[in-house]
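Letters A, B, ... mirror the listed sequences (proteins, then strands); counts begin at 1.
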Amino acid sequence: MASNPMQQFTVHKIGPEIKIAGIDLSFTNASLFMLISATAILLFLFLGSKDKKIIPNKIQLIAELFYTFVAKMISDTAGSKAKPYFPFIFSLFMFVLFCNMVGMLPYSFTVTSHIIVTLIMALFIFIAVTIIGFVKHGFKYLSIFVPSGVPSVLLPLITIIEIISYLSRPVSLSVRLFANMMAGHTMLKVFGGFVVSLGILGGWLPLSFSVALTGLEILVAFLQAYVFAILTCIYLNDALNLHH
Amino acid sequence: MKSFLGFLVALVATCTGSYAAEAGMPQLDPTYWASQAFWLILIFTILYISISKFYLPKIKDNLDNRENKIKEDLENASKFKKQSETKLEEYESILENAKKEVAKIMIESKKNLDNDIQSKKVLIEKEIESEIIKAQKEILDLKKNSISSIQNIAENIASKIIENLSGDKLNESSVKATVEDISKNNLGKYL
């Protein structure tokens, strides 16, 4: 039994070492669980869109619910202009959600509890949104840093704050997801360790905590996927519809 | 309970202390960062392409189909509803017309019957009247005939009585004139 609550996050190689141009690109347990999540998503969507029934069966209903959920989220936050980005946000939401949920299974690995994974996704979103903003609005996109209706005395300060907040988007986006997942799984592990160390007499209290925490973590897993997707929508909205 | 909580706190302290002594967060170990980035990009790209090319259009088709079907069905339903409403109106108007016709026919037939009865009544009254007149005439005739036969009888009786009383045969015409005279004077008394 692993006693260190952080040990669940260690990445280890599976199979042979793959080195391309001196960089280690070996298949790891992280890669395995990414693959499992992606396969699960594809299987789910395959089963959900296989029978084109007018009255859907359960899995088709769930797939369609996901579709309408994400579609509504995008149209509510970013408007109709964001329609071309729907597949990306849908994939992103599903990937983060499935990675989080697969991470809730015992003995599994949580892909999204690694800062490098969330940071790459957040950086990609940040760079893509910035490029979209400049392509759609040219240099007028810089007006996002100059909010309207601010007294001219405060304007330099506000602009600096806006620039900092804009640049910190990828950090906040990635750290939010990573920290939530890591903290939740560490807590679960710590309480699980208590159950064992307190034994049959005292272990019931941490066990009940563990059960409650598992429920909470499933909620967090969904919520963080939702937050990740909706923040992406909001950033996209800033780039598509210049409000300032 | 208090001692139990104290024990718990002590346990947490020792556990976290021992954990802190071991290696920190594996997330900050850069050994497999490149690998994770590579596999993430590869797997997510494949996922994105297959979702956007295959599954989302399918689901969208499904949803659109359903929406169209529902819309169609609703349209059909409203069409049928309208049709049934017009049919109902038609039916009601037919019923109304039929009722009106019935009333008309009733009034007409009543009138016809009345006319018929009236004319028949008139006819029968006329007939009765003519019958009465005929009967009266007959009665009158009978009366007249009876008067002349009474006169004859009276003449015969009178001449017989006179013959038997006096033994003479009287002149028939004088007897007749006398009877006629008497009956003329007394006729009002009997008729």
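- Neither the backbone nor the side chain of A/F124 comes within contact range of chain B, judged by heavy atoms closer than 4.5 Å.
- Looking at A/I41, only its side chain comes within 4.5 Å of chain B, counting heavy atoms on both sides.
- Heavy atoms closer than 4.5 Å to chain B are found in both the backbone and the side chain of A/S113.
- Heavy atoms of A/F9 lying under 4.5 Å from chain B belong to its backbone as well as its side chain.
- With a threshold of 4.5 angstrom between heavy atoms, A/F88 approaches chain B through its backbone and through its side chain.
- A distance-only check finds a donor-acceptor pair linking the side chain of B/W39 to the backbone of A/L25 [under 3.5 Å].
- With values rounded to the nearest 0.5 angstrom, B/I51 atom CD1 is found 6.5 Å from A/M94 atom CE.
- In this structure, chain B has a heavy atom under 4.5 Å from the side chain of A/A30, while its backbone stays farther away.
- Interface remark: B/K60 contributes backbone and side-chain atoms alike to the contact with chain A (heavy atom separation under 4.5 Å).
- Neither the backbone nor the side chain of A/L119 comes within less than 4.5 Å of any heavy atom of chain B.
- Side chain of A/S49 to main chain of B/K58: no donor-acceptor pair is present (N/O by atom type, distance under 3.5 Å, no hydrogens or angles).
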For B/N62 and A/Y67, what are the C-alpha separation, side-chain angles and deciding distance, and is it a side chain to side chain contact (heavy atoms under 4.5 Å, CB included)?
CA-CA 11 Å; B/N62 253 355; A/Y67 182 98; over 6 Å; no

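- Atom OG of A/S91 sits about 5.5 Å away from atom CG of B/L47, to the nearest 0.5 Å.
- Taking chain A as the reference chain and counting heavy-atom pairs below 4.5 Å, the highest number among B/F38, B/F54, B/Y32 is found for B/Y32.
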